[in-house]
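The block underneath contains the structure these notes are about, expressed in structure tokens.
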Amino acid sequence: MDLSFTPEERAFRDEARRFFRTEIPQAIRDKVAEGRHLSREDIVTSQRIMNARGWAVPHWPREWGGQDWSPIQTYFYQDEMQLASVPSPLPFNVSMVGPVIATFGNDAQKRAFLPQIANLDIWFCQGFSEPGSGSDLASLRTTAKRDGDHYVVNGQKTWTTLAQYADWIFCLVRTDMAAKKQEGISFLLIDMKSPGITVRPIQTIDGGREVNEVFLDEVRVPVANLVGQENKGWDYAKFLLGNERTGIARVGTSKERIRRIKQLAALELVGDTPLIEDAHFREKLAAVEVELKALELTQLRVVANERKLAKGKPDPASSILKIKGSEIQQATTELLMDVVGPYVTAYREEREEGWNEPPVGPDYAATAAPTYFNWRKISIYGGSNEIQRNIIAKAILGL
Amino acid sequence: MDLSFTPEERAFRDEARRFFRTEIPQAIRDKVAEGRHLSREDIVTSQRIMNARGWAVPHWPREWGGQDWSPIQTYFYQDEMQLASVPSPLPFNVSMVGPVIATFGNDAQKRAFLPQIANLDIWFCQGFSEPGSGSDLASLRTTAKRDGDHYVVNGQKTWTTLAQYADWIFCLVRTDMAAKKQEGISFLLIDMKSPGITVRPIQTIDGGREVNEVFLDEVRVPVANLVGQENKGWDYAKFLLGNERTGIARVGTSKERIRRIKQLAALELVGDTPLIEDAHFREKLAAVEVELKALELTQLRVVANERKLAKGKPDPASSILKIKGSEIQQATTELLMDVVGPYVTAYREEREEGWNEPPVGPDYAATAAPTYFNWRKISIYGGSNEIQRNIIAKAILGL
Amino acid sequence: MDFDLNDEQRLLKDSVDKLIATEYEFERRKRHAAEPDGWSRALWAKYADLGLLGLPFAEADGGFGGGPVETMIVLESFGRGLVLEPYFATVVLGGGLVRHGASAAQRAALVPRIADGSRLLAFAWMERQSRYNPADVKATARRDGGSWILNGEKSLVLHGDVADTILVTARISGDQRDRAGIGVFIVDASAPGVQRRGYPTQDGLRSAEITLADVRVDATDTLGEPGDALALVDRVTDEAIAGLCAESIGVMAAMHEITVEYLKTRQQFGRPIGDFQALQHRAVDMFVALEQARSMAIFATMMAGEADPAERRRAIAAAKVQIGRSGRKVGEEAIQLHGGIGMTMEYKVGHYFKRMTMIDRRFGDADLHLATLARMGGLFG
Amino acid sequence: MDFDLNDEQRLLKDSVDKLIATEYEFERRKRHAAEPDGWSRALWAKYADLGLLGLPFAEADGGFGGGPVETMIVLESFGRGLVLEPYFATVVLGGGLVRHGASAAQRAALVPRIADGSRLLAFAWMERQSRYNPADVKATARRDGGSWILNGEKSLVLHGDVADTILVTARISGDQRDRAGIGVFIVDASAPGVQRRGYPTQDGLRSAEITLADVRVDATDTLGEPGDALALVDRVTDEAIAGLCAESIGVMAAMHEITVEYLKTRQQFGRPIGDFQALQHRAVDMFVALEQARSMAIFATMMAGEADPAERRRAIAAAKVQIGRSGRKVGEEAIQLHGGIGMTMEYKVGHYFKRMTMIDRRFGDADLHLATLARMGGLFG
């Protein structure tokens, strides 16, 4: 047991820190730090800079741009990215469809898609959830019927994040209606410009437009866009969902938000005294910091354990990262509301091009409540915390 | 809606306060306040004083000593009793077996038992739980086989509180082995001096002896000691268990303990400053006070609602009283440990006759940890808080 | 003690509940929100017709003589509907200042117009630096002959954008946070020197930033004792918090009902998710939190009229703590148990959650009131 | 960074775990507790044979050169066994003072005797009024020629009843709570003027109240700098807290395992209670609390040797907060999920619960350490 980092690990961390803080534009990083909306352009710009450095898809196979990093390197990469408020490379591209194509796709698909996915020349969105499917994803009902060289797809997807920006969508569709629930599902890549696709925004309670419904009406998809085997899509979906182990806790994001909370709480006066000197506030904050430090160590332990697990087999302990990581992130959004105090209540709409109203109260107030509202999602999506508890109960505790 | 007490209600409260604080010996009340063990004599003395006043069994039928009080009177009776640290009349007598005999017993049983139960001339203990039965009480396995004018009882009871003091035990026994679980159970009164009864103490983690195992080996019980009808005992048990609605929250006890915590926290110095002036401690205490005040009102609402419910039909809302009441009582025991600080750790055995060692640290320190340990039971017994949640889910929420 | 409503109260409750159930059906609420003021003038007239706008005022003044229980009934129902009209600003806050601070002549001038719906009020007590301390007042009032001259900036004035009459705290004397030296002034919103900028709040209401530049009001246009009006402000604030508690109960109860209904109907893995015991127990914990909050809302109603200001403040602070904590628990669990649908504007539960979150931040959050209560020695002697 | 044990550590862990699994089987533990000292002298000799008593001392001094990780391994295992022997008092606390405060001559005199089991140590720092503040010292040390004369009363001295050597804090100069002016003195337990009264603790260990009446020790019998020894005390205390954290992990892990096993075997309503989802989720929350605590115990181990006292203290305070909170949750839930059986002395889980509760109260509880951490600015810049 050696609980310190090696000089090589530390050097890598320093290099990551330098890269993220000097190469990614400050304006983009400020938006992330302040909880403001990123434009499509912001996300593309940031990812292309990383891709130019070879850092957009480090966990991919080497021939497609991967880096063969150690788990600790991967950890520092993500931590420093989050600490620097750099937007993560688009997860639908780099953590979801990319690894699926790299692992299960054919050569033509790899060549056609992987470089463009890595560079965000193609923007993918995810077509898994359907109205009514929720945690029971395999109950999906979108169908794809073979018609010559095409599938004809009919159905509806929902919670499709940033579909409004997407060029392509990867979908789970039912290709065998007679088969049992998890069987008979296939994994299709569909061009969003195909006739019959309609995107309808879903406004979330923070006022933002992040998610959408996607309607598929007689959409014709070339059979060449089937990934892997027909009716084996559920296996690929499980691979995809179990793929993102590190980073799920977003320790770096929470550290950065705590830094920001301290900074703002030093500005915010209660009477004559900065809020940061209020004992109750400080203890509430410190309690979150303790949990966060514990989570950081827990994450390092999970990361270190990865080497011992079969490749692609998710560690059920990563469910701890999801549960605690989401709780801590949510706690930081509440602390940010505490900082802002009464000005939490004022609503200020943000458009693509920026604010459309002058601030009410301090200029950092407007995002506090929307962030709190929006962050409720992180204990729901990606397998709700209830599902994570079921996983631990079964896979770790044997209940 | 009238949210103030009537002059009559206030007068009754004042009378109850005077009675409990002047008539019940201070020495007994001090033991309760300090969390020390009561002797058998203490409990008998206290109950007989109440019985002489007609206040031991106010909720019984009038002809057997009941008082026909309004729900608010009953509330004040219990609240003032608890505030004055007066031991409750023995619940096994006055709240459990007494009402069962008064409601379902025959005339001979009523005459033979009720006056002695009220005056604690006979001490009853409860023979319901068995090893393995737990929350699933109806799975009990103690048998009573008819043999002429007697039942022959074989089996084992457990968690029998204060069996070491008891003259009699009321038991659920299985009289029809072929019947379904809840059927075939009968309710028997058994003299503890009967041959074949053995009592074995169970030491609890606080070091006390409150509960026992009771072994019944070929115990002969006159058929005359069957209450009500054979094989109908489950109905009487349900009646008994649903009987104690008010008082379950023990609001008065918690109020009194908070008073004591404040008193001791004013004595206890942290450096130069009394603990009571520590903001963190005060806020922790105030948070419990808020919940307690809410519970007091919730209890009054449940009490006021009693009139509208069928007699003897438990209000599922009383499950709230059990859940919150136990949580708050447990929180006060933790606060008491906070007051005592490092001296929580010293163990000092208490015998029937009192302490057998001089104190380590302040003389109020010795009971802090044992009380915390012992009070863990209150979210377990009388239908665990999990069972209470099941009741609310089903009976109130319809889930 | 009697928790049952009397016949009149029952009648009031039935009629308000019925109106709100109809007029604040979810889709209709969107239409009210889309009106120019962000709420419905037509409904305001209905409230006047029903006697709701004059409810808490003395009959002698042209009101209906309702007490705290009547206000509780209305506000709980309004909470259930997530009502958008400026009832809280006009009748509870403004009306409270009028009831407790106005002279007979002022009442004669104001109450009938409040009651008939022709005059909207707002209470401008907060300033940019004050957070939740109503004594932290920089705005000034200077005597000039038969007038007061007001200068300063007031912030987060609930429904200040539409108010006809703005009741403004300003400092006559003393230092910025002195409790003494504050007056409450009756300002006509159209008076020269009054500038206001309205904006929406997170929970769909409206507030305003208000600037006062040499605004002249008559020497008699003050409420309470000029220079000693903070006790009046505290009293009205405490009453208003009791009102927020009542409103919260409507909000929480609705969230709980919607959630339980969802658990019963939403199917996952071939059965209603309400079959899952872990979710059942969490719905129960929400229910317990709701009932504890309901008890404290009743307590706040009982104590809102308490004569001893310290007793009243402790009780109100305790109620605000419970409402804040229960509200957060019920709200967050309502969203979590719904999953994604609860996160959308198209579905009602999120709107309740937002209102509840904002209520916790009005007049100080649960942490602040807990600190106040602790400093005052708690609730039990 | 590497969380795996190296070969030697693995060997150490295996041998300690094996010993404890055998010797601290539940019924055997009762026999140890029934011995005259409340623990087993025979086992103490075995610890010496295994090298555990000399483990953390430098090889040059007669020890085995183990570091914080080795101590963590031993204490976690001891926690799992609820070990009764005075290892923590002698090796961790007393040994820590010796390692960091003793001269070469003192180490030569003490370390071999600690390592071979012939000398037991105790650390007497607390006094009746001090609560958790080691600078709050009333006991005095007065120079008298070549001696120090000690007077005062020390309280809650863990295993002070059996210690051969008591390491005592006493004030040489300054006021009662001054950080300066404190010395640590090496007192032979049999010296004239030493009186002690032993008693059991809630978790089955032993402590003592100790009175010093004109106790004379040699001028050289001090550890650290006489008059400036508080830094030494802080350093050893922080190391000891890290040790408690490790012990806690053994305690919590055992409680969690026992509880999960109980859920699998206990039948109610015709099935194992572990089938009930509400109980499953609570067992999961216990597990999450345990794993978070394990992470912080590792963090404490990493930081126990940190050179910067402020950095070290913040890290140790944070770990103690997590241990206290996780321990309470795991312990209370373990009892609750067991039901009645968990409340009995005959069943093991309650003993773990009691140990865990007492650990939270040693060297300050979670609230105190949270306040310390908050005052020092938290963990993250």
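Computed from a prediction, not measured in an experiment: that's the story for all the values here. Per chain, numbering begins at 1; letters A, B, ... match sequence-line order.
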### Task
Using non-hydrogen atoms and a 4.5 Å limit, figure out which bit of Arg282(C) sits close to chain A: side chain, backbone, both or neither.
side chain

#### Entry: Segment of Glu209(C) engaging chain A (4.5 angstrom heavy-atom cut-off)
side chain

### Query
Among Gly361(A), Ser139(A), Gly132(A), Pro131(A), which residue forms the greatest number of heavy-atom pairs with chain C at distances under 4.5 Å?
Gly132(A)

### Task
Measure the CG-CZ distance between Leu321(A) and Arg250(A) for me, rounded to the nearest 0.5 Å.
13.0 Å

### Task
Using distance alone, with no hydrogens and no angle criterion, decide if Ser155(C) and Tyr343(A) have a side-chain donor and acceptor under 3.5 Å apart.
yes

## Note on the structure
The reported gap from CG in Asp360(C) to CG in Leu244(C) (rounded to nearest 0.5 angstrom) is 10.5 Å

### Query
Where on Leu156(C) is there a heavy atom nearer than 4.5 Å to chain A: the side chain, the backbone, both, or neither?
side chain

### Query
Checking Leu368(C) against chain A: side chain, backbone, both or neither under 4.5 Å from a heavy atom?
neither

### Considering all heavy atoms, the nearest Ile273(C)-Leu279(C) contact
O-CD1, 3.6 Å

### Thr357(C) versus chain A, the contacting section by heavy-atom distance below 4.5 Å
side chain

#### Entry: Phe353(C) and Phe373(A) aromatic centres sub-6.0 Å
yes

### Query
Which region of Gln176(C), side chain (C-beta onward) or backbone (N, CA, C, O), has a non-hydrogen atom less than 4.5 Å from a non-hydrogen atom of chain A, or is it both or neither?
neither

### Message
What part of Ser133(A) gets within 4.5 angstrom of chain C, counting heavy atoms only: side chain, backbone, both, or neither?
### Response
backbone

### Message
Looking at every heavy atom in both Gly160(C) and Ala208(C), which two are closest together, and how far apart are they?
### Response
C-CB, 3.6 Å

### Query
How about Ser379(A) and Gln336(C): does a side-chain donor come under 3.5 Å of a side-chain acceptor?
yes

### Message
Whether Lys348(C) and Glu261(C) form a salt bridge (side-chain N of Lys/Arg under 4.0 Å from carboxylate O of Asp/Glu) is what I want to check.
### Response
no

### Query
At a heavy-atom separation under 4.5 Å, does Glu349(A) approach chain C through its side chain, its backbone, both, or neither?
neither

### Summary
Assert top hit (heavy-atom pairs under 4.5 Å, partner chain A, pool Lys354(C), Gln129(C), Met358(C)) equals Lys354(C)

### Message
Which atoms of Leu137(A) are under 4.5 Å from chain C, going by heavy atoms: the side chain, the backbone, both sets, or neither?
### Response
neither

### Task
Could you look at Ile202(A) and say if it's the side chain, the backbone, both or neither that has a heavy atom under 4.5 Å from chain C?
both

## Note on the structure
When the 4.5 angstrom heavy-atom criterion is applied to Asp365(C) and chain A, the contacting part is side chain

### Task
Identify whether the distance between the nearest side-chain nitrogen and carboxylate oxygen of Lys377(A) and Asp206(A) falls below 4.0 Å.
no

### Message
With chain A as the partner, which of Leu205(C), Asp367(C), Ile341(C) has the greatest number of non-hydrogen pairs under 4.5 Å?
### Response
Asp367(C)

### Task
Please look at Arg361(C) and chain A and tell me whether the side chain, the backbone, both or neither of the residue comes under 4.5 angstrom of a heavy atom of that chain.
both

### Query
Taking Asn374(A), Val360(A), Leu269(A) one by one, which has the highest count of heavy-atom pairs under 4.5 Å against chain C?
Val360(A)

### Task
Below 4.5 Å from any heavy atom of chain A, which atoms of Glu127(C) appear? Answer side chain, backbone, both or neither.
backbone

### Task
Select one option (side chain, backbone, both, neither) describing which atoms of Ala366(A) are under 4.5 Å from chain C's heavy atoms.
backbone

### Task
Answer yes or no: is there an ion pair linking Glu291(A) with Lys324(A), defined by an N-O contact shorter than 4.0 Å?
yes

### Query
So which part of Tyr199(C) gets closer than 4.5 Å to some heavy atom of chain A, the side chain, the backbone, both or neither?
side chain

### Task
Go through the side-chain N and O atoms of Glu386(A) and Ser384(A) and say whether any donor and acceptor fall under 3.5 Å apart.
yes

### Contacting region of Asp272(A) [heavy-atom separation from chain C under 4.5 Å]
both

### Message
Whether the Glu268(A) and Tyr364(A) side chains hold a donor-acceptor pair (N or O, under 3.5 Å, no angle test) is what I'd like checked.
### Response
yes

